[in-house]
Amino acid sequence: MTRKTNATELLSPAGNFEALIAAVQNGADAVYLGGTAFSARAGAGNFDDNSLIEAVKYCHVRGVKVFVTLNTLIKQTEFEKAAEFAHFLHESGVDGIIVQDAGLAAYILACVPDIRLHGSTQMTVHNIEGAKKLEKLGFKRVVLARELSLEQIRQIRKNTNIELEIFVHGAICCSYSGQCLFSSFLGGRSGNRGRCAQPCRLFYELQKDDRVLKKGYLLSPKDMCLLAYMDEIKKLGIESLKIEGRLKRPEYVATVTKIYRKYLDNPKKPLKEDTDELLNAFNRSGFTDAYFTGNTGGNMMSFNSPSNISEEIFNPYIKKTFSAGANFRKTDVSAYCTIKCGEKISMTLCDSDDNAVTAYGDVAEKADNTPLSYERVYAQLSKFGSVPFNLTSLMIDMDEDINLPISEINALRRNACDMLIKVRENAHRDTARACSYGVIIGKTDENYSLSAEVFTYEQAKELLKHDIDILYAPRHVIEKLADYKGKTKLVTKLEAITNNEDAYKNIPTNTVMCSSLGSGHILSDKYDVFGDYRLNIYNESSIAFYLSNGFKGVTLSPELSIKDICSLSERARSACGVLVYGHIPLMTMKNCVIKSCTGKCQKGSEGFYLADRKKEHFPVVCQSDSCTNLLLNPKPTYMADKLDDLIKIGIKSFHLMFTVEKPDECARICNEYIRAMRGEKVENSMGENNFTRAHFYRGVL
């Protein structure tokens with residue numbers, strides 16, 4: 001099968017070598033795969049170094065690109081190993097690296113500059129500003145958040161030049177990728193590090209005032225299917241269409257790739273037989289296009305089952321496409337052969353990538369009896385059946401009355417094909433290292449500070465009576481505090497997801513806290529910008545990256561343990577804030593779980609919870625400026641009585657987050673931290689089993 005030329009790339013998953021063959025032989029233009037470390041699908045088969053090299057060779061011979069996922073967050077102690085792996089990938093000839101960690105991205109841009117860098121969907125790029133910033137930094141492509149609508153994607157396409165990649169089929173998450181700590185806080189398995197335990201696929205009850213409003217798999221979306229929108233997507237000018245599924249079996253990869261290849265080449269209304277084949281391959285109570293069309297709600301959820309409900313019935317033919325020796329995918333080549341009396345015979349092969357090889361054979365002699373016919377030579381040279389090449393043209397310059405064994409003709413063809421295979425396999429890059437890499441973090445404030453983040457005006461009003469240095473609050477709260485004249489610095493806190501351009505206009509303070517690189521990019525010229533924990537900062541390189549890209553200060557990831565923080569340099573530790581109290585948001589959700597379960601918007605009403613099988617109650621809160629939900633940890637992180645453990649290692653900036661707490665509770669907790677920062681002994685006031693130490697003493701996998 002020779003692929004039809006198309007500007008839009010079809011990108012398929014390869015969780016193991018068999019799935020890779022399935023993707024290639026069924027029409028993928030590119031595959032994405034992971035190594036044995038630093039991959040966001042740690043549970044997939046993945047590729048060790050040797051099999052990864054073989055995968056690159058296999059794909060390149062057949063004209064398929066290979067992108068490798070180096071897309072987990074990198075601890076400081078892992079950074080050197082991750083950097084070495086990036087160099088290995090470069091030297092192995094991969095076509096691009098997909099990265100989440102900003103610090104690792106900075107390293108690759110500086111030290112492996114001639115490899116393509118793709119921003120992972122784990123970077124939560126969801127607006128024009130985010131895409132523009134990655135483009136400016138030197139990224140070649142960004143994988144957009146799966147929650148974006150057609151119109152939002154269209155606007156990003158119109159306003160940026162960076163390559164765009166979108167998911168078109170497969171599993172989607174209830175939370176924005178890169179914004180989920182659910183698995184991390186429930187069991188220590190971080191989705192940001194490829195080890196998500198999928199607690200979102202468990203059974204929950206939506207409750208309010210002790211009333212059960214709905215039961216089921218309330219956080220489990222159906223899988224995405226955008227097959228019907230191929231024409232619209234192609235017209236947008238999206239460079240790459242991505243199929244999810246590195247944990248899926250090869251039959252699934254083969255089936256989905258084959259069908260999307262068909263409709264990408266010839267967009268039309270999908271035939272029922274093809275949609276049925278997709279449903280038979282895998283589905284969770286059907287498919288959804290809700291994010292893409294903007295039609296979110298209960299219809300996009302698989303309330304009754306979190307798992308595949310199909311019988312996984314596959315076309316019997318499909319297994320042949322990835323069986324041993326499958327040879328449906330071929331690269332076009334042209335051939336020129338010379339057979340001249342008294343000269344060595346030769347055959348030159350040329351491919352569409354401007355590779356050319358010439359093989360030579362024995363000297364041709366004049367025939368004494370029956371000469372070798374042109375037709376026989378042509379027939380033998382045309383036998384390309386067992387090689388991954390499709391012969392499109394063959395020219396033969398041949399003398400008459402030539403005597404030559406057929407075995408010599410066959411050997412000439414085989415040698416030419418072998419030579420071209422090796423050329424295509426070994427298109428490695430220069431292995432020279434581009435630079436030595438150092439991290440510079442400027443002089444930091446030597447003073448200790450305590451900041452608090454609030455959701456409501458009542459919380460803010462109460463906390464401003466106390467001795468805190470900074471108060472972060474949503475715009476509508478800050479606007480109500482316009483007459484405040486106290487010493488506490490007021491900072492506007494933007495929502496985690498900012499698709500609306502109005503979010504950046506007429507901000508009522510000269511300092512802003514935001515959650516994304518894109519927001520920092522657009523605001524840093526006019527405001528002092530601070531980054532919250534959602535920037536997922538794990539290492540010194542990430543700290544330096546954000547501080548050199550418009551941020552005045554940043555907050556470390558709450559997934560880091562004290563041991564992890566200690567691995568940072570003293571200056572790095574003192575440059576960052578640490579989140580030491582709060583019902584930390586575990587998920588940021590585009591699809592409002594309250595609305596999807598009740599059928600209508602509750603206009604930000606309070607008192608909604610999700611109850612799990614252990615009777616833990618996860619508060620669900622609506623953000624004020626949108627219908628975005630936050631799912632909160634049932635137990636707040638509390639460290640007032642252990643604050644000295646952080647002070648001893650050089651942490652100077654402590655951050656409190658208040659969400660569902662009453663104003664008097666906010667005041668009590670705030671005062672406990674104030675006393676602890678003064679060196680007073682603080683007794684834990686939370687009560688037994690009513691709090692968590694987060695990851696300070698256990699860390700994450």
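In what follows, every heavy atom counts, from backbone to side chain, and hydrogens, waters and symmetry copies are set aside.
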| said: Leu10 vs Ile243, test: side chain to side chain contact (heavy atoms under 4.5 Å, CB included). Steps then yes/no. | reply: CA-CA 8 Å; Leu10 182 61; Ile243 297 167; 4.0 Å; yes

| task | Taking atom CG of Asp353 as the centre, report whether more than 12 heavy atoms of other residues, nucleotides or ligands fall under 6.0 Å from it. | result | yes

| said: Classify the ring geometry of Phe17 against Tyr58: parallel below 30°, tilted from 30° to 60°, perpendicular beyond 60°. | reply: perpendicular

| said: For Ser220 versus Arg201, what's the shortest heavy-atom pair and its separation? | reply: OG-NH1, 2.7 Å

| message | The test is side chain to side chain contact (heavy atoms under 4.5 Å, CB included); show your working for Val168 and Phe292 and say whether it passes. | response | CA-CA 9 Å; Val168 293; Phe292 190 73; over 6 Å; no

| query | With under 30° as parallel and over 60° as perpendicular, where do the rings of Tyr107 and His87 fit, or are they tilted in between? | reply | perpendicular

| query | More than 12 non-hydrogen atoms from neighbouring residues, nucleotides or ligands closer than 6.0 Å to NZ on Lys222, yes or no? | reply | yes

| query | Side chains of Asn192 and Tyr538: is there a donor and an acceptor less than 3.5 Å apart? | reply | no

| message | Does either side chain, that of Gln380 or that of Asn410, offer a donor lying less than 3.5 Å from an acceptor on the other one? | response | yes

| request: Compare every heavy atom of Glu239 with every heavy atom of Ile162, then report the nearest pair and how far apart it is. | output: O-OE1, 4.4 Å

| Donor-acceptor contact below 3.5 Å, side chain Asn415 vs main chain Ala359 | no

| task | Pick out which of Val66, Leu11, Val68, Val143 makes a side chain to side chain contact (heavy atoms under 4.5 Å, CB included) with Tyr32. | result | Leu11

| note | For Gly63 and Arg329 the tightest heavy-atom approach is O-NH2, 4.4 Å

| Could you walk me through whether Lys422 and Asp418 pass the salt bridge (Lys or Arg N to Asp or Glu O under 4.0 Å) check? | CA-CA 6 Å; Lys422 285 183 170 57; Asp418 288 344; 5.6 Å; no

| query | Any idea which heavy atoms bring Gly43 and Leu247 closest together, and the distance? | reply | C-CD2, 3.4 Å

| query | Take atom CG in Asn304; do more than 12 heavy atoms of anything else shown fall under 6.0 Å from it? | reply | no

| field | Phe282 six-ring face occupied by Lys248 cation (under 6.0 Å, within 45°) | value | yes

| message | Between His60 and Asp95, is there a side-chain donor-acceptor contact under 3.5 Å, judged purely by atom types and distance? | response | yes

| Considering residues, nucleotides and ligands other than Lys235, do more than 12 of their heavy atoms fall under 6.0 Å from its NZ? | no

| Ser184 side chain to Ser190 backbone, donor-acceptor under 3.5 Å | no

| Main-chain N/O of Phe47 paired with Ser51 side-chain donor or acceptor, under 3.5 Å | no

| query | Just checking, is any N or O donor in the side chain of Arg193 or Thr72 under 3.5 Å from an acceptor N or O on the other one? | reply | no

| query | Donor-acceptor pair, Arg189 side chain versus Arg195 backbone, under 3.5 Å? | reply | yes

| task | Check whether any side-chain N or O of Asn327 sits under 3.5 Å from a backbone N or O of Gly385 as a donor-acceptor pair, and report yes or no. | result | yes

| request: Ignoring hydrogens and angles, state whether a donor on the side chain of Thr121 or Arg146 is under 3.5 Å from an acceptor on the partner side chain. | output: no

| Minimum side-chain heavy-atom gap Ser175-Phe182 below 4.5 Å | no

| message | If you count heavy atoms of other groups shown closer than 6.0 angstrom to CZ of Phe203, is the number above 12? | response | yes

| task | Check the side chains of Thr358 and Thr348 for a donor-acceptor pair under 3.5 angstrom, ignoring hydrogens and angles. | result | yes

| query | Is Gln25 reaching over with its side chain to a backbone N or O of Ala326, donor-acceptor style, under 3.5 angstrom? | reply | yes

| task | Could you verify whether a donor N or O on one side chain and an acceptor N or O on the other, from Thr321 and Asn26, lie under 3.5 Å apart? | result | yes

| said: Please give me the minimum heavy-atom distance between Cys174 and Met301, naming the atom from each residue. | reply: SG-CE, 4.4 Å

| task | Give the intermediate values and the outcome of side chain to side chain contact (heavy atoms under 4.5 Å, CB included) for residues Phe287 and Asp289. | result | CA-CA 7 Å; Phe287 293 131; Asp289 58 10; over 6 Å; no

| field | Side-chain H-bond candidate by donor/acceptor type, Tyr176 with His126, under 3.5 Å | value | no

| query | With no hydrogens and no angle check, is any side-chain donor or acceptor of Ser183 less than 3.5 Å from a backbone partner on Ala197? | reply | yes

| task | Go through the steps for Glu165 and Lys140 under the test salt bridge (Lys or Arg N to Asp or Glu O under 4.0 Å), then give the verdict. | result | CA-CA 11 Å; Glu165 180 176 306; Lys140 301 302 182 185; over 6 Å; no

| request: State which residue, out of Arg246, Gln100, Gln122, fulfils the side chain to side chain donor-acceptor pair (under 3.5 Å) condition with Thr69. | output: Arg246

| query | Closest heavy-atom contact between Gly34 and Ser39? | reply | CA-OG, 3.8 Å

| query | When you look at Ile156 and Leu148, which way does the side chain to side chain contact (heavy atoms under 4.5 Å, CB included) test go after all the steps? | reply | CA-CA 10 Å; Ile156 295 173; Leu148 297 182; 3.8 Å; yes

| Can you list every salt bridge (Lys or Arg N to Asp or Glu O under 4.0 Å) pair that touches residues 301-318, not counting sequence neighbours? | Arg249-Glu312

| Donor-acceptor pair, Ser302 side chain versus Pro221 backbone, under 3.5 Å? | no

